[in-house]
> 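Just dropping this structure here.
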2 protein chains.
Amino acid sequence: MHTMTHESKEPPKPRRHAVTLHDIAKAAGVSVATASFVANGKRDVRLTDETRERVQRVIDELGYRPNAMAKNLVSGGSKFIGLVADAIATTPFAGQIIHGAQDEAWKHGYVLLVANTEGNEPAEREAITMMLEHQVRGILYSTWFHRAADVPEALRETDFVMVNCFSPSLDSRAVVPDEVQGGRTATDMLLAEGHRRVAFINTTAIAPARVGRLEGYQAALAAAGIDFDPALVLDAQPDQEGGFDAVESILRLGVNAVFCHNDRVAMGLYDGLRARGLAIPDDIAIVGFDNQEVISAHLRPPLSTVQLPHYELGAAGVRMLLGIDEAAPDELRRIACPPVARQSTSAPRPVQP
Amino acid sequence: MHTMTHESKEPPKPRRHAVTLHDIAKAAGVSVATASFVANGKRDVRLTDETRERVQRVIDELGYRPNAMAKNLVSGGSKFIGLVADAIATTPFAGQIIHGAQDEAWKHGYVLLVANTEGNEPAEREAITMMLEHQVRGILYSTWFHRAADVPEALRETDFVMVNCFSPSLDSRAVVPDEVQGGRTATDMLLAEGHRRVAFINTTAIAPARVGRLEGYQAALAAAGIDFDPALVLDAQPDQEGGFDAVESILRLGVNAVFCHNDRVAMGLYDGLRARGLAIPDDIAIVGFDNQEVISAHLRPPLSTVQLPHYELGAAGVRMLLGIDEAAPDELRRIACPPVARQSTSAPRPVQP
DNA sequence: GTGAAAGCGCTAACAA
DNA sequence: TTGTTAGCGCTTTCAC
């Protein structure tokens with residue numbers, strides 16, 4: 001007996017998507033297996049063109065949509081990649097990580113499951129749990145600024161990659177920006193203009209960025225045969241106020257080239273310098289870091305800087321997770337921070353008459 | 001045999017999720033049904049405390065994780081809410097929409113499925129298709145700036161809400177910022193300081209923001225009994241350059257209060273004004289729009305502005321989708337843009353001796 | 001109190 | 001060439 005409904009047992013809710021493979025099969029007068037084959041375009045199964053066509057027509061007419069849940073149940077795995085972020089909002093940057101991850105995931109047939117945790121432990125556990133229950137292919141654990149981050153225990157139940165952060169014990173795969181190369185690149189932009197005395201306004205915040213960029217700065221000097229002068233390195237709050245307040249010290253140093261910890265500091269520095277009637281880059285050349293475009297691309301003059309590769313971080317994270325980029329189980333991959341040359345490092349060359 | 005490590009390098013490989021309800025049942029010596037009951041804490045089923053406890057112990061010991069796919073298959077629906085965005089990256093704002101949507105969804109037990117389409121049609125269709133196949137509860141269709149947007153056909157196969165955009169035919173539910181109120185609020189901030197001649201640097205871009213903010217500006221003037229003078233409304237490119245270039249015109253107008261279309265324009269204006277030795281707010285008071293914090297909170301002086309409620313947009317979209325906030329099938333809900341008072345509208349009061 | 005069993009929509013052997 | 005059938009992991013009704 002297989003009568004489904006002639007009783008008063010109407011489906012409670014007119015289910016939006018009632019069309020199943022079963023319906024297709026019945027409507028086309030074939031078995032579900034056959035329907036499944038043509039729905040999935042299985043070419044290795046020999047079916048009459050006639051049948052194939054007929055079934056396909058029914059599929060189109062009824063507007064059949066395969067049920068991903070069912071497929072996943074059968075296949076035992078899903079096409080989900082989880083992305084847990086500590087702060088989607090705090091910074092424009094986080095958005096770029098999501099963007100890169102999403103693009104790359106999509107490219108390989110995966111979908112992003114996003115969770116924001118505001119750095120809150122319970123939210124984090126819950127997010128990971130939910131992802132695990134959804135049989136995610138793996139999880140990207142990301143932070144909005146580059147730092148060490150403890151790996152939540154639950155993460156280890158699946159594949160995961162740290163993005164923009166790394167396990168303090170260095171026992172997990174991670175993708176982070178190459179701060180050292182970035183610091184060096186920034187400094188080189190100034191050195192390339194002939195400057196020999198380059199000040200560095202570093203951040204007061206203890207973080208890989210602080211250490212790495214300083215190391216890069218030193219490396220650049222060394223490569224140029226310039227002695228490192230600790231007096232040229234200042235610490236400042238990493239924002240506009242910090243940059244503005246550093247003006248005095250910079251002027252006292254008598255340098256005419258400054259590498260700022262980030263674009264916001266550079267913005268503050270612009271302000272302070274201008275208030276004293278100094279011109280950029282003629283009196284003082286400046287490079288920033290981050291390439292936070294709302295700022296860097298629109299300062300006057302536009303700011304030369306070095307790009308924090310957030311998009312790439314997300315994309316590379318996915319590639320590492322899916323095994324497209326090979327990586328040791330404890331790999332710490334550094335992504336380059338490319339230079340973005342604008343007008344704060346060298347004045348536009350005057351047109352020759 | 002249970003030797004975990006006596007080999008040299010055996011990184012604990014993530015246990016493929018073998019633990020099913022079936023395993024629990026077997027290990028606890030009960031049926032899957034019973035296991036299911038205790039796993040879900042069904043209190044309306046009569047089970048011995050002893051049994052309940054025993055099964056629970058097994059569940060904990062084996063680290064059982066329910067399979068969301070299977071649950072969803074049975075229940076016929078998922079706990080997913082799709083969010084398709086035309087540009088996660090282009091602006092920091094989009095991130096806030098995601099953030100708001102994610103928080104609100106989470107609050108109701110839903111998870112966000114995110115797709116970025118870069119405004120590209122095929123990508124959009126594909127994204128929606130994927131969401132539909134995953135049996136999403138509904139879809140949030142969002143844009144990074146407030147505008148009219150055609151509703152992709154496929155969207156209509158499920159519940160959906162437009163976020164930060166609306167169907168040109170006004171036949172769908174939508175949540176957008178209240179540009180008119182925003183424009184009025186911004187203008188009022190200036191009027192409240194006693195200014196009677198307020199210039200408005202509007203954008204050249206044809207969009208709801210242009211029309212709405214102007215309307216709000218006019219409404220504010222009217223409410224204050226001030227005649228609208230079209231000469232006080234300028235058009236400018238909506239970024240720093242536009243603001244900077246508008247300085248001449250502003251000065252020619254002889255006003256001492258300016259409402260800028262957005263914070264970036266205000267930033268450019270600051271620059272131009274300062275170059276001419278003018279002080280803000282003493283010589284000229286300024287309000288922006290958007291509250292793009294990297295800029296507004298760190299200009300000198302910090303910029304008074306009006307907030308584009310992106311977070312609320314995302315959250316309200318979810319609430320409308322889930323029916324938590326009632327809404328007509330063609331409701332166009334406007335979310336208020338609250339004022340953010342900082343120091344560009346009035347100088348800090350000097351301390352009285 | 002607890003278990004057996006019927007599916008949810010789909011895939012993939014294996015038959016026919 | 002196509003249909004039958006056994007699950008995938010879980011919920012839930014209905015017997016025992």
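Here is how names work: the chains are called A, B, and so on, in the same order as the sequence lines, proteins then strands, and each is numbered from 1. The analysis underlying the following values was restricted to heavy atoms, covering all of them including side chains, and did not include hydrogens, waters or symmetry mates.
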> Provide, to the nearest angstrom, the distance between the CG atom belonging to A/D23 and the C1' atom belonging to C/dC10.
13 Å
> With a 4.0 Å cut-off on heavy atoms, is A/N40 in touch with a base, just the backbone sugar-phosphate, or nothing at all?
sugar-phosphate
> On DNA chain D, compare the nucleotides closest to A/L73 and A/A33; which residue's is nearer the 5' end?
A/A33
> Atom CD of A/E50 and atom P of D/dT2: how far apart are they, to the nearest Å?
8 Å
> Please report the distance, rounded to the nearest Å, between CD in A/Q135 and C1' in D/dG9.
9 Å
> For the pair A/I97 and A/Y311, evaluate side chain to side chain contact (heavy atoms under 4.5 Å, CB included) and give the outcome as yes or no after the intermediate values.
CA-CA 5 Å; A/I97 293 181; A/Y311 180 95; over 6 Å; no
> Indicate whether OP1 or OP2 belonging to C/dT11 is found under 4.0 Å from a side-chain N or O atom of A/K71.
yes
> Is a side-chain N or O of B/R54 found less than 3.5 angstrom from the main chain of B/A28, in a donor-acceptor match?
yes
> When you look at CD of A/E326, are more than 12 heavy atoms from neighbouring residues, nucleotides or ligands closer to it than 6.0 Å?
no
> Nearest of C/dG3, C/dA12, D/dC10 to any side-chain atom of B/N67?
D/dC10
> Take the protein atom CE of A/M69 and the nucleotide atom C1' of C/dC8, then report the distance between them rounded to whole Å.
12 Å
> Could A/K42 and A/F37 be counted as a cation-pi pair, given that NZ or CZ must be under 6.0 Å from the ring centre and within 45° of the axis?
no
> Less than 6.0 Å separating the ring centroids of B/Y141 and B/F166?
no
> Let me know the distance between NE2 of A/H22 and P of D/dT5, rounded to the nearest Å.
13 Å
> Could you pick out which residue, B/T34 or A/K42, lies toward the 5' side of DNA chain C when each is mapped onto its nearest nucleotide?
B/T34
> Which part of the nucleic acid does B/S75 contact within heavy-atom distance under 4.0 Å: base, sugar-phosphate only, or nothing?
nothing
> Which nucleotide in the set D/dC8, D/dT13, D/dC10 lies at the smallest distance from any side-chain heavy atom of B/F37?
D/dT13
> DNA chain D: A/G76 or A/V30, which has the more 5' nearest nucleotide?
A/V30
> For B/G29 and for A/S36, find the nucleotide of DNA chain C with the closest heavy atom, then tell me which residue's nucleotide is more 5'.
B/G29
> So which nucleotide from C/dG1, C/dG9, D/dG9 ends up closest to the side chain of B/T51?
C/dG1
> How close or far is atom C1' of C/dG1 from atom CZ of B/R54, stated in whole angstroms?
12 Å
> Using whole Å, report how far CG of A/L47 lies from P of C/dA16.
19 Å
> Looking at the side chain of B/T48, which of C/dC8, D/dT12, C/dG1 is the nearest nucleotide?
C/dG1
> Under a 3.5 Å cutoff, is there a donor and acceptor pairing between the side chains of A/E104 and A/H99?
no
> A/S31 has a side chain; which of D/dT12, D/dT4, C/dG1 sits nearest to it?
D/dT4
> Taking only the side-chain heavy atoms of A/V32 (C-beta and beyond), determine which of D/dT5, C/dC10, C/dA4 contains the nearest atom.
D/dT5
> Using whole Å, report how far NZ of B/K26 lies from P of C/dA4.
13 Å
